[in-house]
Amino acid sequence: MSKDVIIALDFSTKEAAMDFLNAFTGEKPFVKVGMELYYSAGPELVRELKARGYRVFLDLKLHDIPNTVKKTMAVLAGLGADMCNLHAAGGLAMMEAALEGFRSGGGSGKLIAVTQLTSTSQAVMENELLIGGRLEDVVLSYAENAKRAGLDGVVCSPLEAFAVKNRCGEDFLTVTPGVRFADGTVGDQVRVTTPERAGQLGSDYIVMGRPITGAENPVAAYERARKEFLGVN
Ligand code: C5P
């Protein structure tokens, strides 16, 4: 898999998502289907996107007891997504079970773990989640657990990508939301940086939603993100 920009299709209907994608007439972008769209449009949408030639990251962030996650992953694997995920906070046994389910269901894509959401700050982690220590250390520890469970990588902030690679190896994927253009708004994200800086820090995939979906010209915003992230003209 080579580095790329993943567009978060955070729409509430299939029609809105497809209308948005129809504007992209060149090479088909790598897209992310998250909870909002999946709960509205269902598994059929993932099959349809795959049939139309899109690469799909199914971002459902599973977090439950190991047996439930294992069986759910086996079902999701059948949809043919290129990437699926779960919460590292579910623990090692849950991640191992997820991988077992994913492979038994025929999943051939990447399975990655969310470390700490990019909307979480050090203060929220300490005061609300009652997790002590530095946020980066927590992310690194979760990444190590994910690697030990046999997963392919993690979702983290681009600001943590360099440290994760250092700890878990160059081949361990870092998929990073929390990316904003230098002249854009941050919204509810906290641990953010620009596409260019994410590229410098070694992120493999940046995930961008609102800076692209909410842009006046989404195709131009996507091309700008790719150019800044990949350093291409
Ligand atoms: O609009 P924005 O660029 O903030 O979208 C980021 C996307 O990445 C959202 O779909 C969000 O659910 C997802 N995400 C995230 N932080 C994580 C994992 C996923 O923002 N740690």
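In listed order, ligands and their atoms are each counted from 1.
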Q. How far apart are the C-alpha atoms of Arg52 and Glu48, what are their side-chain angles, what is the distance that settles it, and do they pass the salt bridge (Lys or Arg N to Asp or Glu O under 4.0 Å) test?
A. CA-CA 6 Å; Arg52 290 191 189 197; Glu48 189 171 332; 2.8 Å; yes

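- Taking every heavy atom of both residues into account, Gly202 and Thr174 meet most closely at O-OG1, 3.5 Å.
- Membership of an apolar cluster is not assigned to Leu130, as no side-chain contact below 4.5 Å to another ILVMFWY residue is traced.
- Residue Val124 belongs to no hydrophobic cluster, having no ILVMFWY side-chain heavy atom closer than 4.5 Å to its own.
- For the salt bridge (Lys or Arg N to Asp or Glu O under 4.0 Å) test, residues two or more places apart in sequence or in another chain that qualify with Asp137 are Arg134.
- Salt bridge status for Lys71 with Asp64: absent, with no side-chain N to carboxylate O gap under 4.0 Å.
- Listed by chain and number, Ala8, Asp10, Lys32, Asp59, Lys61, Val114, Leu117, Thr118, Val155, Pro177, Arg180, Gln189, Val207, Met208, Gly209, Arg210, Pro211 each place a non-hydrogen atom less than 4.0 angstrom from ligand 1.
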